[in-house]
Every structure is written in structure tokens, then in C-alpha cells.
Amino acid sequence: MKKIVLLLLLVLTALSCKNDDDAILIQADSSVDFTFTQNWNGQTIENSDYQNTTYVNANGESMTLSKVNYLLSDFTFTSVTDGTVYASEDYNLVLARDGENTTFTPDIEIPEGDYTVSFTFGFDDEDNDKEGGYNDLNSVDGFWSVPAMLGGGYHYQRIEGTYINNAAEVTNFQFHTVRANRHETLPPGPDTLVELRDTSFEVNLGTVSVGTTTNIEVKANIAEWFNNPITWDLNERFMVLMPNFQAQLDMKENGNTVFELGAVTQ
Amino acid sequence: MKNLSGIWSIFFMAGCLFSCSDDTPQNEGYIPTPLDLNTPEFFDNSILPPVIPQDNPQTVEGVALGKKLFFDPILSGDKTLNCAGCHQPEHAFSDPRQFSVGISGEEGFRNAMPLHNLAYNFREKFNWDGSANSLEEQMFGPVTNPIEMNNTWSNVEATLQESSTYPRLFLEAFGTERIDSTLVTKAISQFIRTLISGNSKFDRYLNNEISLTPQEENGLNVFLDESRGDCFHCHGLPSTPLWTDNAFHNNGLDEVITDRGLGNVTGDPRDFGLFRSPSLRNLAYTAPYMHDGRFGTLEEVIDHYSEGLVYSETIDPLMKKVSEGGVGLTESDKADLKAFLLSLSDPSFISNPDFQRPN
């Protein structure tokens, strides 16, 4: 499907080049820029908030954030007028604290018009299992690969920080989101894996008008990871979440309300 | 996230064409012999290409000159100490002493780092604390540091200029006989970029040439298991070859931070006590361990992670059960973890004839 659209695009591009000096005016296609911002229930999270600002999650624990990194992929534009799908097979790893990759232009050009805009949180299985992997993701600050015994592929997200536990101790947590992997016994080993489930999910931002230059803000409300529909209890689930099958399924549920469309500027 | 190196190299080549036209005693249009880094296939296939600055391409003559300088005490104030005095080839270019001693006889306060795979430090933050922003920049440090080589650059330049051999070697490497600090650092950096280690027992296992012992295999599981070692989030995993993230962390060594590490460089209290994760390659040769060489053995390192963690404000959130000192590995898991760590050592690196003292 994606391949067909790509082909179509290629043909279109080829045609539009040919038409360059014709009298008929063919609109040049445009690329679309994304900006990724993070907030805690509407309060913007800036660099200075990491390790400093205390947030209270839905379950009532005070927490701080040290790291918020997440991978988004398959940015897709579906024309509202004729249903044509323009799929970029691109991906972007947002390193929020350092402000790295917080702007991104998918490698695709589309005609002006109204589109439903969507992307995938994490990698779907097709991308996650790509032969040979991704040299750039293997080289980022903070390891992004997932060990083979947990099913391989890549992290979808790493949120790390501290929370105050029930015993009033400052405790480190690692909220790592990966493809759900179920094991016969824990700790995991080379022969314990019994099931993998693709827990990446599609985020639909709604309709956006794309002009010659368009910037789409994608907001991430980090509080929602701990809130809705499952009230996350860090006391029970604060570490070793990668091989925790149920925790991964629950993260996927909670992820559905994290992302939303922010400002669109032309 | 596109790899632009193709475009850069074109810019770079264009730059070269234009740049060879000023200055005095130089060989018009001279081009030293380009040298490709001898990169292992596994590196090429899994990570980004090595960082080679546009204005300092690798050349046969540049590397040879850099190697000669690296092993030549001429760079130090009293001509007694060379780089290899603290970066010994048989120790993967580190120093078996906790603190190296400079020409003044004074000890430093950090353990000399091994020099391997530094061309793959993609973020280009060098030293334990990230105080140098490129390899070339790093080189400026040791020559003038009073507790290391304690020399001045004008003195280095003059001595090299007066020598019977160096002007010719600089001419061959850079097309000019006029020696300056920039060219010295460029040549040594070229040599250091050739120091690539990718032939450990574990590399050969990944290449299906040999198998691991059951101990090493279990050690790898401990290393990768979040409930036990969880070492991989900072030190890497089999699908990537560097065994470090080259990023900065506080791994729970001290309750009271005395050496601020990265915090000294950035001034940010959130960086106090953060040091760059070292690569776990060649640990068999690089004792003692940590930025201050506090641990003489790998057993001590593993005990630290297992039960010796202490809390301080900037401790990395990956450190688990800090109030109990760590996750408490069993004795057999500890032994296996050590066996695995040692499988990352590469005997062919320390015996590579290209990396030894020239006679």
C-alpha cells in the first residue's frame, strides 16, 4: 500500500517536472514541518523543569522527570477531498530534554489541501524488525535498541525520573515502553519468550490545512501516561517494565490520550 | 534523520581545492595520500560512520607523523614524557596507575582514559567530564597542562621546527614545513582515529566464529536483564559495537560529590558528579576503573553496582534499589557477569603492530 503511494508520488513528481515550462500552472508540492512539545496537564515542560519541578500524578505520587525520549514514525497525510494517502516512511526520535529533534520534516511532499494527519507512536512490527536495523538509532545518546531476549527491535519511549514511594523514599523509576513481550518465566533469558505483541499505536491528530509552508505542533501530555484509563501506581510498577507484558499493554491504553494537535501555523 | 556525510564530503573536497593557495613555505598543490580508516564490517553495518572533521582528513603521512609525535617525549617540557607514558599501548592506551604522574612528579586527579574507538564518539565530548569538544581540541590540553607535559606551544613549535626530521614530515603530511600547534594536534588526532578495536572474543562470537562459554552467556543475560545488571542502557548491547553511550551519568559512587565532573564544565548543578560512560571494551587491560581509578578489580566494580550504590541528588534514574545499595546479585551471577565483561577484550588491539612505539 505504502509502496503504491510512493510510486504514485514518484510518477506525479516526474510529471510535474516535465510540466515545468508549460502554460498550465501545476502547484508545487510542499513539505510539512512538525514541532514536538511536552506538557504536564497543560503546564509546559522545559529544560529547566527536568530534575527540578515536582509533578503529582493521578495516583497521588510526587514525581520528577529526568528523561523524556520517544520515537514517532510513519507520518501520514490522508486527503480529506479524495482519500489519497501520502505516507512518509520516516521516523523521528524526540529527545525532549535536550531539545533535539523537537522539529522534524518528514521526507515527503504533498499538494496543498486538507488532510487528516496521523503517525505511529513507536515502531510497528514492520519497522521494528527491519533487516539490519537503523544505524542512526544505534548511535543516539542513550541506548535505543531492545535486547534480543526481549524480542529485539527498538524502544518506543524512555521516561525516567524519581517518585516518592509509599515509604516516603525518593525512588528512581524507569517507564520504558517497548513492544509487549511475554515470558514463560522471569527473569527473561534466551529461551523464555513466548509471545510478542505489537503495542505501537496510531495517533490521529485530526484535520489540518496544508499550505505552501505549514508547521504542525504535536503536544504530548506526559501526565496522561500515568492517568487514563489506567491510574498508574508507580509503587507497584516503577522498574523492570520492559519484560512486563501487562505493563506494556496498559501503557498502550494510556498512550491513546497523550498526544494532541497543537498550533498549526502557515 | 538523514545521513549527510555524502554532501559534506563534496563540500569538503571543494573546500580543499580552494584552501591550498595561501601561506609561504609549502608545496603548491601537494596532496598527501588519503587513508581509509580500517573499520570493522560490523561497525559499518550497525552505527554511523566515524567522525572525521572536514579540515583534517585521514592521510598516510598524517597518521605516520601523528604516531611519531604520540611516542616522542619532545612534546613535554623536559623531553622525558610522551603521550604513551600515560596512554600505554599494552593497556589499551590507558595507565595502570590510579593517577598518572606528570613531568613535575605531581599526580593528576583522574585516571588516564583508554584510547579506543574515539572516532566513534559521535557527540564529540571528550575527557571524563566532556571538557573538550573534539579530539583535536582535546590534544591541546595535555601538552601545556602543568601536571602533565608542562610545556608551552611556542616551545613545542620551536623545538619541532629545529629538529632535523619533523619539518620534512609536516611537509609530507600537510604540504607545509611551518609547524604550528594546530598541525600537531591534527596529526596526533589522525593517529588516534586509527585506534579501532573490534576483534574481541565477543565480536568473533557475533561473527559466528566461536561460541561463548555457558558462564559468559549467563553473564550477558545478567548484563541485559533489567532486574539484575541492566548495564545495557548505558553501556550497550550486542547489536551495537561500542559498549558505551558516550553520555554522562552519575552511577552512584559518592554520597558527597567532590569532583563535579560534567558539572564543572556546564556549571549546571544537575550535572554535578556526572562522568562519561567508559567503553567496556578491553577491561582486561585498563584497570584501575572509574574516573578516579578507585577500583582495582572488576570484582570491586561489580560489587559496587550490586550492593555499593549510594544516593546523591544527581544519581542516574537507571540505578535501582539505591537505598539497599543495589539489586544484590548472587555470587554466581557476579562471576558470570565478570566472565562476560572480559569477553569484550581484544588482544589483537593491544598487540597490533601499527599501534606500537616506532623504533
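Quick note on labels: first sequence line is chain A, next is B, and so on, each numbered from 1. Side-chain atoms are counted along with the backbone in the values below, which use heavy atoms only and exclude waters and symmetry mates. Note that this is a predicted model, so its numbers are computed, not measured.
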**Complete:** Separation between OG (A/S139) and CG (B/D245), nearest 0.5 Å, reads 12.0 Å
**Region of B/N45 in contact with chain A, defined by heavy-atom distances below 4.5 Å** = backbone
**Message:** Heavy-atom pairs under 4.5 Å with chain A: which of B/S277, B/P238, B/C234 has the most?
**Reply:** B/C234
**Close approach to chain B in residues 50-65 of chain A, criterion heavy atom under 4.5 Å** = A/Y50, A/Q51, A/N52
**Asked** Partners of B/Y205 by ring pair (Phe, Tyr, Trp, His ring centres under 6.0 Å), sequence neighbours excluded?
**Response** B/F202
**Item:** Shortest non-hydrogen contact between B/E226 and A/L241, atoms and distance
**Value:** OE1-N, 3.6 Å
**Message:** Please classify the contact between A/L186 and chain B as side chain, backbone, both or neither, with a heavy-atom cut-off of under 4.5 Å.
**Reply:** neither
**Asked** Which bit of B/S239 comes within less than 4.5 Å of chain A, counting heavy atoms only: side chain, backbone, both or neither?
**Response** both
**Item:** Shortest non-hydrogen contact from B/D225 toward A/P187
**Value:** OD2-CB, 3.0 Å
**Request:** May I ask you to check whether over 12 heavy atoms, not counting those of B/R260, lie within 6.0 Å of atom CZ?
**Result:** no
**Complete:** Max heavy-atom pairs within cutoff under 4.5 Å with chain B, candidates A/N172, A/N135, A/T171, A/T162, goes to A/N135
**Engaged part of B/R270 at the chain A interface, taking heavy atoms whose separation is under 4.5 Å** = both
**Prompt:** Taking atom CE of A/M149 and atom CG of B/N221, what is their separation to the nearest 0.5 Å?
**Reply:** 5.0 Å
**Atom CD of B/E307 with >12 non-hydrogen neighbours under 6.0 angstrom** = yes
**Asked** Where the side chain of A/N138 meets the backbone of B/I47, is there a donor-acceptor pair that is under 3.5 Å apart?
**Response** no
**Message:** Suppose we screen for side chain to side chain contact (heavy atoms under 4.5 Å, CB included). Which residues come up paired with A/T35, at least two apart in sequence or across chains?
**Reply:** A/T37, A/T103, A/N215
**Message:** Counting C-beta onward and ignoring hydrogens, is there a side-chain heavy-atom pair between A/V140 and B/F122 closer than 4.5 Å?
**Reply:** no
**Message:** Are there over 12 heavy-atom neighbours, none belonging to B/E209, within less than 6.0 Å of that residue's CD?
**Reply:** yes
**Fill in**
Applying a strict 4.5 Å limit to non-hydrogen atoms, the region of B/Y311 in contact with chain A is side chain
**Request:** Would you indicate whether B/E313, at its atom CD, is surrounded by more than 12 heavy atoms from other residues, nucleotides or ligands within a distance under 6.0 Å?
**Result:** no
**Item:** Portion of B/H235 that has a non-hydrogen atom of chain A nearer than 4.5 angstrom
**Value:** backbone
**Request:** Would you mind checking which part of B/S323 comes under 4.5 Å of any heavy atom in chain A, side chain (CB onward), backbone (N, CA, C, O), both or neither?
**Result:** side chain
**Asked** Between A/F143 and B/T240, which heavy-atom pair has the shortest distance, and what is it?
**Response** CE2-OG1, 3.3 Å
**Request:** Sort A/V170 into side chain, backbone, both or neither according to what part of it lies under 4.5 angstrom from a heavy atom of chain B.
**Result:** side chain
**Pairs of heavy atoms under 4.5 Å with chain B: top-ranked of A/H176, A/E169, A/K67** = A/H176
**Request:** Kindly indicate whether the side chain of B/M319, heavy atoms from C-beta on, has any atom under 4.5 Å from the side chain of A/Q174.
**Result:** no
**Prompt:** Among A/S145, A/A148, A/G152, A/G133, which has the most heavy-atom pairs under 4.5 Å with chain B?
**Reply:** A/S145
**Request:** Please examine the side chains of B/D230 and A/M239, heavy atoms only from C-beta on, and report whether any two atoms are closer than 4.5 Å.
**Result:** no
**Request:** Sort A/M242 into side chain, backbone, both or neither according to what part of it lies under 4.5 angstrom from a heavy atom of chain B.
**Result:** both
**Request:** Could you look at B/D44 and say if it's the side chain, the backbone, both or neither that has a heavy atom under 4.5 Å from chain A?
**Result:** backbone
**Asked** So how far is it from A/F173 CZ to B/K320 NZ, rounded to the nearest 0.5 Å?
**Response** 12.5 Å
**Asked** Which residues pass the ring pair (Phe, Tyr, Trp, His ring centres under 6.0 Å) test with A/W144, sequence neighbours left out?
**Response** A/H155
